[in-house]
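No experiment lies behind these values; they were computed from the predicted model shown.
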Amino acid sequence: MIIAGIFDSIFSSDKKKVEENFSHLEKLGYARVAPSDVAMLSSVRQLKPIGGNLFAVRYAAMNQRVVGVRYISDLHLTMNVNPSAASVAEWTIVSQLQPMAIKAPVSITPRTIAYEMLFKQAQKQHEVEMGMLPEFADHFHAFSRVQGEVWVPETIQQAIVKLSLSFPFKALEESIAIAHVSPKGWSILCDRVKNAVLFNDLLKVADQLEQAAAQATA
């Protein structure tokens with residue numbers, strides 16, 4: 001009973017923080033949407049960088065942009081990191097359907113062995129090397145399920161390099177961080193954000209990725 005009480009306290013605390021964050025988003029011009037919202041769920045399903053069909057959204061908000069609709073969602077995703085076990089991870093995901101000139105979906109991560117193992121071994125993806133800027137390749141991985149002529153638009157590479165010291169892309173210092181770009185749009189996935197300051201930082205990064213995606217048109 002004592003242990004159950006401790007876990008209830010932890011989960012209630014996290015839930016309260018997430019609720020406060022989404023209330024903060026409303027002050028920034030975002031409108032709350034239901035966790036069952038079809039358009040939001042479609043955006044997350046198409047743009048989440050980690051495979052796995054089982055996911056749930058607990059909180060979500062949207063903002064109408066010039067180039068499309070942006071969603072911010074509290075995402076619970078079932079992951080199979082190894083064959084013998086599955087786990088549920090809690091994330092914050094920013095997703096925006098915004099077409100760009102790219103052949104296939106690509107996920108971008110800081111250059112560490114942990115991400116290489118996740119995408120190459122657990123997700124069965126291939127490292128993308130075509131057309132990489134040296135400064136990008138020095139600090140970031142890019143992975144895709146498609147082999148061959150797959151690339152990351154140069155404007156996206158340049159933007160990600162500039163964001164390397166911004167939350168959440170500071171390697172493993174503050175959060176897991178994965179950017180995802182595809183012909184349909186882009187997303188940013190990180191550990192569940194639990195305070196307004198980091199949420200503000202995340203939105204600044206999203207704005208810069210949006211600008212880079214707008215330049216990566218056919």
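- Residues satisfying the side chain to side chain contact (heavy atoms under 4.5 Å, CB included) test with A214, not counting sequence neighbours, are Q98.
- Using cut-offs of 30° and 60° for the angle between ring planes, the F143 and F119 rings count as parallel.
- For the pair N21 (side chain) and F199 (backbone), a donor-acceptor distance under 3.5 Å is absent.
- L203 places a side-chain heavy atom less than 4.5 Å from the side chain of I72.
- For E154, the CD atom counts as loosely surrounded, since its 6.0 Å shell holds 12 or fewer non-hydrogen atoms of other residues, nucleotides or ligands.
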Is there a salt bridge (charged side-chain N to carboxylate O under 4.0 Å, His left out) between E19 and R32 once you walk through the steps? CA-CA 11 Å; E19 176 66 43; R32 292 285 286 270; 3.4 Å; yes

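- Nearest heavy-atom pair, A159 versus Q208, reported as atom, atom and distance to 0.1 Å: CB-O, 4.5 Å.
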Walk me through it: do R192 and D74 pass the test salt bridge (charged side-chain N to carboxylate O under 4.0 Å, His left out)? CA-CA 7 Å; R192 177 190 260 176; D74 182 55; 3.0 Å; yes

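- Checking side-chain atoms of S187 against main-chain N and O of L47 turns up a donor-acceptor pair under 3.5 Å.
- Checked by atom type and distance alone, the side chain of Y115 pairs as donor or acceptor with a backbone atom of A177 at under 3.5 Å.
- Proximity of a side-chain donor or acceptor of S182 to a complementary backbone N or O of P105 within less than 3.5 Å is not detected.
- When every heavy atom of A61 is checked against every heavy atom of F22, the shortest pair comes out as N-CE2, 3.8 Å.
- With respect to I156, the side-chain contact (heavy atoms from CB on, under 4.5 Å) criterion is satisfied by exactly one of V161, I108, I102: I108.
- Using a 4.0 Å cut-off between charged nitrogen and carboxylate oxygen, K103 and E149 do not count as a salt-bridge pair.
- Residue pairs meeting the side-chain hydrogen bond (donor to acceptor under 3.5 Å, both in side chains) criterion with at least one member in residues 54-64, sequence neighbours excluded, are N63-R65.
- S175 contributes a side-chain N or O that, together with a main-chain N or O of D191, makes up a donor-acceptor pair within less than 3.5 Å.
- Residues S144 and H126 bring no donor and acceptor atom of their side chains to less than 3.5 Å of each other.
- Contact annotation: the side chain of I50 approaches that of W91 to within less than 4.5 Å [non-hydrogen atoms, C-beta and beyond].
- Under a 4.5 Å side-chain heavy-atom cut-off, the cluster of Ile, Leu, Val, Met, Phe, Trp and Tyr residues that includes M117 is completed by I113.
- Counting only distance, with no hydrogens or angles, the side chain of T109 and the backbone of I178 share no donor-acceptor pair below 3.5 Å.
- Put simply, the side chain of S73 never gets that close to the backbone of L75: no donor and acceptor are under 3.5 Å apart.
- For the pair T155 (side chain) and Q215 (backbone), a donor-acceptor distance under 3.5 Å is absent.
- Although no hydrogens or angles enter the test, the distance criterion places a donor-acceptor pair under 3.5 Å between the side chain of Q157 and the main chain of L133.
- With R70 contributing its side chain and V94 its backbone, the two residues share no donor-acceptor pair below 3.5 Å.
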